[in-house]
Amino acid sequence: MDSIHSAHRPALMPTPPHARPVPLDKAYRLLNHGPTVLVSAAHAGQHNVMAASWACALDFAPPKVTVVLDKTTRTRELVEASGQFALQLPTVPMAALTVALGTDSAKTQPDKLQRHGVEPFSAPGHPAHTTPPLVQGCAAWLLCRVLPEPHNQQAYDLFIGEVVAAWADKRVFREGHWEFDTAPDALRTLHYVAGGQFYATGKSVPV
């Protein structure tokens, strides 16, 4: 098995111009509709990103999330070593990239982020050398610190994180609400089914 230190560190891009902070008391709304996420982590100068379908909001104040990370993944190693991870919500144009990041392993392809053209950027206001990178092109991003639950992590691969900062693309998430109906279709988030098939977030149904 490769060591953690074999992963390649990507070059960091500028913060996306449409990214805006999300108040922590509204952070749970970023995940309430059940989107597929990209999970990023960093430790000792090494970074990685993987896709995950099983992630959800857990609590309001402080905001907490859960995500399932398989024991065989490089990202999990980095999360366990650093105590941090980031969740981000890929959009429709990122469907093929999301499959690739969930299929290819940095253990066998240490340059997978470069290979697939991932464009990471630093979490605004957080040190780039110790913070998980965020991925350009997503609709939202949540930076989390691990709340250790050794039994859940070992028995169920389930990690709990407290959200310490969040951002969203202002074109699709404003004033604590998703605005998919008025935003460009390219900003719709993804919902994974199986076999490389996604559904995009659809129309709202107000009641």
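For the pair Y28 and D59, the minimum side-chain heavy-atom distance is 4.5 Å or more. Two residues are said to be in side-chain contact when any heavy atoms from C-beta on lie closer than 4.5 Å; V164 and C144 fail this criterion. Under the 4.5 Å side-chain criterion, counting only non-hydrogen atoms from C-beta, F198 is not in contact with V193. Contact of the Q84 side chain with the V79 side chain is not registered, since no non-hydrogen atoms from C-beta on lie closer than 4.5 Å. No side-chain heavy atom of L87 sits less than 4.5 Å from a side-chain heavy atom of L143.
Sorted by first and then second residue, the pairs that involve residues 79-94 and meet salt bridge (charged side-chain N to carboxylate O under 4.0 Å, His left out), not counting sequence neighbours, are R76-E80. Pairs of residues two or more places apart, or lying in two chains, that qualify as salt bridge (charged side-chain N to carboxylate O under 4.0 Å, His left out) and include a residue from residues 181-197 are D185-R188.
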Exercise for review: Evaluate the criterion salt bridge (Lys or Arg N to Asp or Glu O under 4.0 Å) for residue pair K64 and E162; output intermediate values, then yes/no.
Suggested key: CA-CA 4 Å; K64 300 181 185 69; E162 178 184 339; over 6 Å; no

Practice item. Could you walk me through whether L158 and Q153 pass the side chain to side chain contact (heavy atoms under 4.5 Å, CB included) test, one step at a time? Key: CA-CA 5 Å; L158 182 70; Q153 291 166 203; over 6 Å; no

Review point. Side chain to side chain contact (heavy atoms under 4.5 Å, CB included) between F85 and L69: does it pass, once the steps are laid out?
Key: CA-CA 11 Å; F85 62 88; L69 303 174; 5.6 Å; no

Practice item. Any chance you could lay out the side chain to side chain contact (heavy atoms under 4.5 Å, CB included) test for F180 and T189, step after step, and finish with the verdict? Key: CA-CA 9 Å; F180 291 114; T189 53; 3.7 Å; yes

Check your understanding: Under the side chain to side chain donor-acceptor pair (under 3.5 Å) criterion, do H191 and T36 qualify, and how do the steps go?
Key -> CA-CA 5 Å; H191 305 262; T36 296; over 6 Å; no

Check your understanding: Does the side chain to side chain contact (heavy atoms under 4.5 Å, CB included) test come out yes or no for E179 and R171, once each step is laid out?
Key -> CA-CA 8 Å; E179 302 289 350; R171 296 171 295 175; over 6 Å; no

Exercise for review: Please assess W141 against F121 for the test ring-ring contact (aromatic ring centres under 6.0 Å, His included), listing each intermediate value before the final yes or no.
Suggested key: CA-CA 11 Å; W141 305 264; F121 66 97; 5.5 Å; yes

Output side-chain donor-acceptor pairs under 3.5 Å for residues 130-137, partner residues at least two apart or in another chain, one line each.
| residue | atom | partner | partner atom | Å |
| --- | --- | --- | --- | --- |
| T131 | OG1 | P127 | O | 2.7 |
| Q136 | NE2 | P14 | O | 2.6 |

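The nearest pair of heavy atoms linking A139 to L187 is CB-O, 4.1 Å.
For E149, there are no salt bridge (charged side-chain N to carboxylate O under 4.0 Å, His left out) partners, not counting sequence neighbours. With sequence neighbours excluded, no residue forms a ring pair (Phe, Tyr, Trp, His ring centres under 6.0 Å) with W167. In this structure R174 satisfies the salt bridge (charged side-chain N to carboxylate O under 4.0 Å, His left out) test with no other residue, sequence neighbours excluded.
Proximity of a side-chain donor or acceptor of K112 to a complementary backbone N or O of D104 within less than 3.5 Å is detected. Side-chain N or O atoms of T103 include none that pairs as donor or acceptor with a backbone N or O of A100 at under 3.5 Å. Side-chain atoms of Y192 come within 3.5 Å of backbone atoms of G195 as a donor-acceptor pair (strictly under, hydrogens ignored). Listed for the K71 side chain is a donor-acceptor partner under 3.5 Å among the backbone atoms of Q154.
Each of N48, V49, V39 was checked for a side-chain contact (heavy atoms from CB on, under 4.5 Å) with L101, and the lone residue meeting it is V49.
Remark: H33 NE2 to S204 OG distance equals 12.5 Å, nearest 0.5 Å.
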